[in-house]
Every structure is written in C-alpha cells, then in structure tokens.
Amino acid sequence: MTPDLIADKLKARFGDKILDFAKDSINPVAKIAPEAVYDVCKFLKDDPELYFDMCHNLSGYDLGAGKNLVVIYHLFSFKHRHWFALKTEVPREDGHIPTVSFLWRTADWHEREVYDLFGIRFDGHPDHRRILCPDDWQGWPLRKDYVVQEYYHGIRVPYKEDWNNFDTLAANPERGHFVFQFEKRLPVVGDNGKPVEKSNQ
C-alpha cells in the first residue's frame with residue numbers, strides 16, 4: 001500500500017488526530033497528536049491491510065532552543081513490504097507520550113535512548129531509565145541548548161579539548177584525576193607529530 005493510501009486510512013479512522021501528512025518528502029511522514037500515538041500505532045500494527053510488524057527505528061530530534069522536541073517512528077511490514085513513518089511533537093518541559101514498547105520490542109531500547117538524550121518520557125515503559133549516560137547524569141545531551149556539566153563526581157568532564165595534540169593538561173590544569181592519570185600514559189609528541197624519547201623530554 002502506498003503512503004498516500006495509508007495516510008488516507010489513518011485520517012478516516014482518527015480524524016483530527018492526524019495533524020499533517022508530508023507526502024512529497026523523501027520519506028512521507030504523518031504528523032500525529034501526541035496523545036494518539038499508542039492508538040495509531042496499534043491500529044497500524046493490527047489492521048490486516050497494514051500489518052506493520054516491525055518498528056525499524058524510533059528516534060528523536062530537537063527543533064531548536066525554545067521549540068518542541070520530536071519523536072519519529074519508521075515502520076515496516078514484512079508481510080506487505082511497505083514502509084510508513086509517523087512523527088509527533090512534545091514540549092521541551094515535561095514532554096511525554098505513551099510507550100509503544102508493548103507493540104514492538106525494538107521500541108523498548110529506542111525509547112530509552114530518546115529519553116536519555118532528549119528527556120522525553122514514555123508513559124508505561126517497563127524499564128524507564130537512562131541507557132547511555134549514567135543514571136545521575138545532568139541534562140539531555142542531544143538537545144540543541146544542552147550545556148555539558150563541568151564536573152561529574154569530582155571529575156572534570158573533558159569538553160572542547162584537543163585530544164589529538166595531547167596538550168589538554170597544559171590548556172586546562174584544573175582538570176580532574178581520571179583525565180590527569182589518563183594523560184600521564186600519553187606519549188609526548190614533538191613538532192613533527194612523532195613521539196619524543198624520554199631522554200629528550
């Protein structure tokens with residue numbers, strides 16, 4: 001079934017919960033209301049003519065400081081061999097949508113990743129916690145207005161430092177112990193970019 005026909009089917013079923021359909025984009029995508037995410041996804045999976053049995057990808061992106069966050073779903077049907085994409089927007093503060101991890105197991109870890117990097121909560125998720133950053137990490141690293149925390153448990157967080165030239169200690173003498181010890185193992189590099197022997201240091 002073509003994306004146009006799938007979008008028409010969704011509009012007939014969910015009416016004004018289907019906010020838009022961008023059919024001319026490379027990947028045609030329907031924008032839906034956040035509160036309708038679970039119902040629309042369940043319909044896409046259960047309807048025999050659609051039968052999207054795989055959530056190929058679920059990811060987030062940021063529209064910019066002061067603007068909404070977006071979650072996008074790429075779905076595929078092995079039976080019918082057709083693709084479709086959905087997206088929804090949530091506010092930056094307390095943005096949340098229903099989980100679809102009970103419909104597609106792949107969404108379980110994808111939702112955790114979106115939560116970890118953008119701070120979007122997925123209501124009803126069975127294991128809602130960070131997946132890449134430590135549990136007590138501050139902020140959401142893929143938001144466009146994110147500012148990295150300067151210290152984590154007393155360790156200076158390396159950021160915007162030139163690791164290729166091995167001169168980070170000279171540039172930032174106040175850095176934490178972990179980075180300091182790591183740097184002690186690094187070779188001293190001469191002007192030609194090659195390691196310098198200890199006797200020459």
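Computed from a prediction, not measured in an experiment: that's the story for all the values here.
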Engineer: Are Y38 and F122 connected into the same hydrophobic cluster when the rule is that any two of I, L, V, M, F, W, Y join if their side-chain heavy atoms are below 4.5 Å apart?
Structural biologist: yes
Engineer: Rounded to the nearest 0.5 Å, what separation is found between the CG atom of D108 and the CG atom of L58?
Structural biologist: 11.0 Å
Engineer: Per the ring pair (Phe, Tyr, Trp, His ring centres under 6.0 Å) rule, what does the pair list look like for residues 13-32, sequence neighbours excluded?
Structural biologist: F14-F43
Engineer: Are P91 and N68 side-chain neighbours, meaning at least one heavy-atom pair lies under 4.5 Å?
Structural biologist: yes
Engineer: Check whether Y51 forms a cation-pi arrangement with K79 (NZ or CZ under 6.0 Å from the six-membered ring centre, at most 45° off the ring normal).
Structural biologist: yes
Engineer: Do you know the tightest heavy-atom contact between P98 and P34?
Structural biologist: CD-O, 3.5 Å
Engineer: Report yes if some heavy atom in the side chain of E111 is under 4.5 Å from a heavy atom in the side chain of V100; otherwise report no.
Structural biologist: yes
Engineer: The test is side chain to side chain contact (heavy atoms under 4.5 Å, CB included); show your working for D47 and R13 and say whether it passes.
Structural biologist: CA-CA 11 Å; D47 186 277; R13 175 68 180 248; 5.9 Å; no
Engineer: For D116 and C133, work out which heavy atoms get closest and say how close.
Structural biologist: OD2-N, 2.8 Å
Engineer: Could you state the interatomic distance from CE (M1) to NE2 (H80), rounded to the nearest 0.5 Å?
Structural biologist: 7.5 Å
Engineer: Side-chain contact, heavy-atom cut-off 4.5 Å: Y115 with I120?
Structural biologist: no
Engineer: Taking all non-hydrogen atoms of both residues, which atom of S25 and which atom of A22 are closest, and how far apart?
Structural biologist: OG-O, 3.1 Å
Engineer: Hey, what do you get for NZ (K11) to CG (D16), rounding to the nearest 0.5 Å?
Structural biologist: 12.5 Å
Engineer: Rounded to the nearest 0.5 Å, what's the gap from CG on L142 to CG on L69? Could you check?
Structural biologist: 11.0 Å
Engineer: Pair R92, D62 - check side chain to side chain contact (heavy atoms under 4.5 Å, CB included), show working.
Structural biologist: CA-CA 9 Å; R92 302 179 80 78; D62 186 354; 2.7 Å; yes
Engineer: Say you draw a straight line from CD of Q138 to CD of Q149; how long is it, rounded to the nearest 0.5 Å?
Structural biologist: 4.0 Å
Engineer: Please step through side chain to side chain contact (heavy atoms under 4.5 Å, CB included) for the pair Y73 and V37, ending with a clear verdict.
Structural biologist: CA-CA 10 Å; Y73 307 77; V37 164; 3.4 Å; yes
Engineer: Side chains of H74 and N27: is there a donor and an acceptor less than 3.5 Å apart?
Structural biologist: no
Engineer: In the hydrophobic clustering (ILVMFWY, side-chain contacts below 4.5 Å, transitive), which residues join V70, or is it alone?
Structural biologist: V29, Y61, L63, I72
Engineer: Could you list who else is in W83's hydrophobic cluster, with ILVMFWY side chains joined at under 4.5 Å, directly or through other members?
Structural biologist: M54, F76, F78
Engineer: Pair N57, H110 - check side chain to side chain contact (heavy atoms under 4.5 Å, CB included), show working.
Structural biologist: CA-CA 7 Å; N57 188 37; H110 289 164; 3.9 Å; yes
Engineer: Is there side-chain contact between L86 and L10, with at least one heavy-atom pair below 4.5 Å?
Structural biologist: yes
Engineer: Which residue pairs pass the ring pair (Phe, Tyr, Trp, His ring centres under 6.0 Å) test with at least one member in residues 84-108, sequence neighbours excluded?
Structural biologist: none
Engineer: Taking the ring centre of each residue, are W137 and Y152 less than 6.0 Å apart?
Structural biologist: yes
Engineer: Just wondering, do V90 and V71 contact through their side chains at under 4.5 Å, heavy atoms?
Structural biologist: no
Engineer: Measure the spacing between CG of D24 and CD1 of I26 and express it to the nearest 0.5 Å.
Structural biologist: 11.5 Å
Engineer: Are side-chain heavy atoms of R112 and R130 found at a separation under 4.5 Å?
Structural biologist: no
Engineer: Side-chain donor-acceptor pair under 3.5 Å between D123 and H128, yes or no?
Structural biologist: no
Engineer: Could you pull out all residues at least two apart from K31 that satisfy side-chain hydrogen bond (donor to acceptor under 3.5 Å, both in side chains)?
Structural biologist: E89
Engineer: List the atom of L103, the atom of K45, and the distance in Å for their closest heavy-atom pair.
Structural biologist: O-NZ, 2.6 Å
Engineer: Is V40 linked to L19 within one hydrophobic cluster, defined over Ile, Leu, Val, Met, Phe, Trp and Tyr using a side-chain heavy-atom separation of less than 4.5 Å?
Structural biologist: no
Engineer: Are V147 and L132 connected into the same hydrophobic cluster when the rule is that any two of I, L, V, M, F, W, Y join if their side-chain heavy atoms are below 4.5 Å apart?
Structural biologist: no
Engineer: Any side-chain heavy atom of S77 sitting closer than 4.5 Å to one from L50?
Structural biologist: no
Engineer: Any sub-3.5 Å donor-acceptor pair from H125's side-chain atoms to D127's backbone N or O?
Structural biologist: yes
Engineer: Listed by chain and number, what are the side-chain hydrogen bond (donor to acceptor under 3.5 Å, both in side chains) partners of E35, not counting sequence neighbours?
Structural biologist: K17
Engineer: Does the side chain of L44 reach to within under 4.5 Å of the side chain of I6, using non-hydrogen atoms?
Structural biologist: yes
Engineer: Looking at every heavy atom in both L75 and C55, which two are closest together, and how far apart are they?
Structural biologist: CD2-CA, 3.8 Å
